[in-house]
Amino acid sequence: MTEQETTQAMLMELIKEECTIDTTEVMEYPPTALSYGEKTIQTTKGDITFPIPIGTYGNFSFVQAPPKSKKTFFASLLASVYLSGGNNFGGNIRGHRDGKCLLHFDTEMGHWHSQRVFKRVIDMANVQDVGCYQTFALRTINYKTRIAFIEHILKENGDKNGLVIIDGIADLVSDVNNLEESNLCVQKLMEWSTKYSCHIVTVIHSNYGSEKPTGHLGSFLEKKTETQIQLELNSVHKDNITVKCKRSRGYAFETFSFSVNELGLPFVVGEIYDPLKYFVTTKAKLS
């Protein structure tokens, strides 16, 4: 056997070890990173109530949205709930953080606008200490370097990675219709989420006049995602955005809506949002 063949055989053995599934092993359901509402099911051991996942650790989800549908506001809403576990903006959305880091990457905006988004998340979380919240604006670097940088940060954090938000997945490729680049990008999401036991939420536009996410990149995301979340402009209440679970590998969460208040802060409509409570708790925190 040549040296090259020996190296290849060793590599295959490592892959075999990593990828073999023992069907006799008792495996727990992946822990939840973000959830909306609860589900009760009957089992032989009695009723079990569990949170309905928006996403679990070790997987990725994506948000698809038409232009001007407040997708960055929605990402902020999810981020604020993850930092706090739950707040008066998030309604029935819950974060299951367990001391992990929130990594928030924006690929489109400059530093001033990015900072405003990241500070909005902290304001909405409304907690004394947000802990590990790392924020990055990647507009000035090219798409290949963006992928390499995100990978560097994930590797640097190791097992501390929790929720990873990439606002602008299309900016990790040169063209959303490039088959090779789109496939590589989605493969990276699967690799990162598995290797670092994190949950990745990313955002992509919908095709104009369609419910499909844009390009070959959107098609690859649909095939590999745990949860596909769709934002829609509400035709009745013009200020509201409807949030639908379009596809899920598990139980689908119920449709809900969010809006943005006079301070530019997103909140779930019709649940527990109370602006007076926000002002009172914020004043107490700052005093």
Side-chain angles (χ1 to χ4, degrees), residues 29-38 50-63 65 70-107 114-137 150 153-154 157-169 189 192-193 196-203 225-229 231 241 243 245 248 250 253 256 258 260 265-268 271-273 278 281-282 285:
Y29 190 81
T32 301
L34 284 165
S35 65
Y36 182 82
E38 294 182 331
F50 58 91
I52 300 174
I54 293 175
T56 60
Y57 291 112
N59 286 296
F60 80 90
S61 59
F62 77 96
V63 179
K70 299 182 173 63
K71 61 185 186 300
T72 296
F73 283 103
F74 183 64
S76 297
L77 183 62
L78 294 181
S80 75
V81 172
Y82 187 75
L83 286 180
S84 59
N87 56 49
N88 59 308
F89 293 92
N92 285 330
I93 306 174
R94 293 289 179 268
H96 307 267
R97 186 179 182 185
D98 196 26
K100 295 179 180 289
C101 290
L102 168 59
L103 278 61
H104 200 159
F105 300 93
D106 183 90
T107 65
S114 294
Q115 187 197 53
R116 185 171 67 169
V117 169
F118 301 146
K119 289 181 70 174
R120 177 170 70 210
V121 171
I122 294 173
D123 289 342
M124 292 169 60
N126 197 28
V127 292
Q128 291 287 345
D129 182 8
V130 296
C132 181
Y133 178 36
Q134 298 178 326
T135 55
F136 304 95
I150 293 171
I153 296 299
L154 288 167
N157 285 338
D159 60 3
K160 294 180 181 178
N161 295 299
L163 180 66
V164 180
I165 295 176
I166 305 174
D167 193 348
I169 190 69
L189 296 182
W192 293 339
S193 57
Y196 299 106
S197 299
C198 59
H199 184 80
I200 301 173
V201 176
T202 193
V203 179
T225 191
E226 177 185 27
T227 310
Q228 181 176 355
I229 302 166
L231 304 187
I241 303 295
V243 183
C245 181
S248 175
F253 61 81
F256 64 95
F258 75 94
V260 178
L265 304 176
F267 64 96
V268 173
E271 292 189 5
I272 61 172
Y273 170 67
Y278 170 75
T281 54
T282 301
K285 182 177 70 171

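All heavy atoms count here, side chains included; hydrogens, waters and symmetry mates do not.
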- prompt: Would you say N161's side chain and G158's backbone share a donor-acceptor pair under 3.5 angstrom?
  reply: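 Present.
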
message: So does P53 get a backbone contact from the side chain of T32, meaning a donor-acceptor N/O pair under 3.5 Å?
response: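 It does not hold such a pair.
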
Any non-hydrogen side-chain atom of [X] less than 4.5 Å from a side-chain atom of [Y]?
| X | Y | result |
| --- | --- | --- |
| V81 | N87 | yes |
| L102 | Q134 | no |
| F105 | I150 | yes |
| V164 | I166 | yes |
| P31 | H96 | no |
| S80 | R120 | no |
| V203 | F62 | no |
| L265 | F267 | no |

field: K100 charged N/C atom sitting above Y82 aromatic ring, 6.0 Å / 45°
entry: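 The answer is no; the distance or angle limit is not met.
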
Approximate separation, where rounding is to 0.5 Å, of [X] [atom1] and [Y] [atom2]:
| X | Y | atom1 | atom2 | result |
| --- | --- | --- | --- | --- |
| I200 | L154 | CD1 | CG | 6.5 Å |
| L189 | S61 | CG | OG | 10.0 Å |
| S193 | H199 | OG | NE2 | 8.5 Å |
| I241 | L231 | CD1 | CG | 7.0 Å |
| I52 | L34 | CD1 | CG | 13.5 Å |
| F89 | S84 | CZ | OG | 10.0 Å |

Of all heavy-atom pairs between [X] and [Y], which one has the smallest distance, and what is that distance?
| X | Y | value |
| --- | --- | --- |
| A79 | I165 | CB-CD1, 3.7 Å |
| A75 | D167 | CB-OD2, 4.5 Å |
| W192 | C198 | O-SG, 3.8 Å |
| T227 | C245 | CG2-SG, 3.9 Å |

- prompt: Can you check side-chain contact (heavy atoms from CB on, under 4.5 Å) on D106 and V117, steps first, answer last?
  reply: CA-CA 9 Å; D106 183 90; V117 169; 5.8 Å; no

Criterion side-chain contact (heavy atoms from CB on, under 4.5 Å) on F74 and V243, from CA distance to verdict: CA-CA 9 Å; F74 183 64; V243 183; 3.9 Å; yes

Derivation and outcome, side-chain contact (heavy atoms from CB on, under 4.5 Å), residues Y196 and N157: CA-CA 9 Å; Y196 299 106; N157 285 338; over 6 Å; no

query: Taking it one step at a time, do V63 and T202 satisfy side-chain contact (heavy atoms from CB on, under 4.5 Å)?
result: CA-CA 6 Å; V63 179; T202 193; over 6 Å; no

task: Could you tell me whether F73 and F258 have their ring centroids closer than 6.0 angstrom?
output: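 So the answer is no for these two rings.
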
With sequence neighbours excluded, residues passing side-chain hydrogen bond (donor to acceptor under 3.5 Å, both in side chains) with Y133: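 Result, side-chain hydrogen bond (donor to acceptor under 3.5 Å, both in side chains) vs Y133: H104.
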
query: So E226 and T56, side chain to side chain donor-acceptor pair (under 3.5 Å) or not? Walk me through it.
result: CA-CA 8 Å; E226 177 185 27; T56 60; 2.8 Å; yes

- request: Name the orientation class of the two ring planes belonging to Y36 and F253 (parallel below 30°, tilted from 30 to 60°, perpendicular beyond 60°).
  value: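 Geometry flag for F253 against Y36: perpendicular rings.
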
